[in-house]
Amino acid sequence: MNEKLYNILGTTLGINVAIISDDLTMRDVETWDSLKHMELIATLEQAFELEFTFEEIISMQNVAEIKHILTQKGVNGKI
Amino acid sequence: MNLNEKKVILTGGARGLGRAMLDSLLDRHAKVAVFDIDAGALAILKEQRPEVNCVECDVADHVSVVKALKHYHETYGSADVLINNAGILYSAPLVRISMGGIERHDVAMWNKVMATNLYSVFYMTSCVVEKMITTRTKGVIVNISSISSLGNAGQSAYSAAKAAVNALTVTWSKELSPMGIRVTAVAPGFTETESTRQALSESVLNETIKKVPLRRLGKPEEIADGVIWVIENDFFNGKILSLDGGLVL
């Protein structure tokens with residue numbers, strides 16, 4: 001169920017998908033800086049064909065919150 | 001981007017090249033705010049084009065920029081386009097040898113050229129882009145560079161400032177593209193403006209024209225056409241459009 005999201009996180013952040021869990025945050029990943037975050041947001045928007053608000057972008061700093069916001073936007077089944 | 005009804009901030013738009021850009025933007029029904037330090041020129045502009053939002057602002061001063069843009073954003077929301085056109089043309093070599101001896105480049109003028117041509121671009125763009133991102137506005141930034149960015153003998157400060165503007169254009173395009181914001185530049189060659197006439201003597205200007213393959217100065221409206229083109233072409237990004245009649249420095 002999380003395959004698509006995890007693949008995007010792994011590819012964009014350059015990390016092994018195996019280490020991704022709901023608890024993973026920006027602080028845990030060295031490559032997940034401000035610029036990577038914008039790249040991640042753009043990739044998610046393109047992949048799931050949606051647009052995040054600025055407030056959502058700011059709050060999406062851990063995997064659980066990203067899932068939560070994607071679910072709120074009705075893409076749960078596709079995550 | 002179709003400019004119809006789009007909100008555009010144009011710095012240094014009251015006179016010269018900026019005025020030609022303003023006329024082209026108004027022809028396309030853009031809603032333009034001109035940020036300019038010249039209160040007299042703004043007053044004349046307001047009389048001639050009452051639809052223009054004239055904002056007196058020293059774009060080389062950070063406090064002035066923050067205050068003016070705060071008011072703009074509170075009133076109109078995010079701009080769709082920012083054109084960083086304000087600048088001063090100043091010609092001086094690193095050291096000047098004359099009958100009186102040798103003289104170093106004036107430090108105060110170095111600082112003034114850097115503040116007006118480079119720091120202003122940083123101040124304006126950081127504030128405008130912040131608002132674009134928080135409102136998710138997919139905007140365009142256009143920096144007005146110069147052929148002198150390639151290194152023009154006799155223009156140390158001006159060349160350095162414009163080269164830095166080119167570097168910022170590329171850097172910001174990489175940083176901001178994921179958010180849907182394009183950053184571009186237009187680099188005019190020698191153009192038929194009052195500031196060109198003031199900066200270059202008649203003899204230097206004539207020699208310069210001889211070096212231009214088209215054997216003439218550019219027209220302000222030709223530069224304005226280039227600015228409109230980079231705004232309207234949604235695939236133009238992170239690049240500098242040279243409009244110089246084929247001149248190579």
Side-chain angles (χ1 to χ4, degrees), chain A residues 2 4-15 17 20 24-76 78-79, chain B residues 1-2 6-7 9 66 69-82 121-141 143 164 166-185 233-239:
Chain A
N2 296 324
K4 188 174 180 179
L5 172 62
Y6 282 22
N7 281 338
I8 290 171
L9 286 165
T11 304
T12 308
L13 302 177
I15 56 174
V17 173
I20 300 174
L24 192 74
T25 73
M26 273 184 93
R27 284 188 197 154
D28 304 324
V29 183
E30 199 179 332
T31 54
W32 194 350
D33 59 12
S34 169
L35 292 176
K36 273 290 174 206
H37 192 60
M38 287 208 273
E39 191 181 325
L40 175 62
I41 294 299
T43 306
L44 290 171
E45 285 183 338
Q46 197 166 26
F48 293 107
E49 298 178 335
L50 47 77
E51 187 168 300
F52 302 110
T53 66
F54 176 68
E55 290 71 24
E56 288 169 338
I57 291 171
I58 294 298
S59 68
M60 293 165 71
Q61 297 186 12
N62 60 71
V63 174
E65 190 60 21
I66 292 172
K67 283 184 185 176
H68 173 65
I69 288 169
L70 285 172
T71 303
Q72 274 187 331
K73 288 184 172 292
V75 292
N76 190 36
K78 293 188 280 180
I79 294 175
Chain B
M1 175 185 286
N2 183 333
K6 288 294 190 297
K7 290 173 281 182
I9 296 176
V66 169
L69 282 173
K70 183 172 185 288
H71 183 258
Y72 178 90
H73 286 140
E74 284 171 357
T75 310
Y76 303 103
S78 175
D80 298 292
V81 179
L82 166 65
V121 174
F122 169 67
Y123 299 152
M124 288 293 298
T125 309
S126 59
C127 290
V128 168
V129 163
E130 179 187 37
K131 189 68 177 178
M132 283 179 174
I133 288 177
T134 57
T135 56
R136 298 305 318 272
T137 301
K138 297 181 191 318
V140 184
I141 309 298
N143 296 323
N166 286 0
L168 290 176
T169 301
V170 177
T171 301
W172 290 342
S173 74
K174 290 175 180 173
E175 289 183 2
L176 301 172
S177 290
M179 291 290 99
I181 298 169
R182 288 191 293 120
V183 186
T184 71
N233 191 317
D234 290 329
F235 205 53
F236 192 76
N237 187 33
K239 294 286 188 293

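None of these values were measured; they are calculated from a predicted model. These values consider heavy atoms only, across backbone and side chains, with no hydrogens, waters or symmetry-generated copies. In the text below, chain A, chain B and the rest are named by the order of the sequence lines, each starting its count at 1.
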With a cut-off of 6.0 Å (strictly less than), are more than 12 heavy atoms of other residues, nucleotides or ligands near [atom1] of [X]?
{"X": "B:E130", "atom1": "CD", "answer": "no"}
{"X": "B:K138", "atom1": "NZ", "answer": "yes"}
{"X": "B:K174", "atom1": "NZ", "answer": "no"}
{"X": "A:E51", "atom1": "CD", "answer": "yes"}
{"X": "A:Q61", "atom1": "CD", "answer": "yes"}

**Q.** Between CD on residue A:E45 and CE on residue B:M179, distance to nearest 0.5 Å
**A.**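 Taking CD in A:E45 and CE in B:M179, the distance rounds to 6.0 Å.
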
Q.
I need the A:F54 CZ to B:K131 NZ distance, nearest 0.5 Å.
A.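 If I round to the nearest 0.5 Å, the distance is 10.5 Å.
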
Q: Please name the pair of heavy atoms, one in B:P178 and one in A:A42, separated by the smallest distance, quoted to 0.1 Å.
A: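 Where B:P178 meets A:A42 most closely, the heavy atoms are O-CB, 3.2 Å.
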
Q) Quick one: are A:L35 and B:E175 in side-chain contact, heavy atoms under 4.5 Å? A)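 Yes, side chains in contact.
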
Q) Where does A:I57 contact chain B at under 4.5 Å (heavy atoms): side chain, backbone, both or neither? A)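 Contact with chain B: side chain only.
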
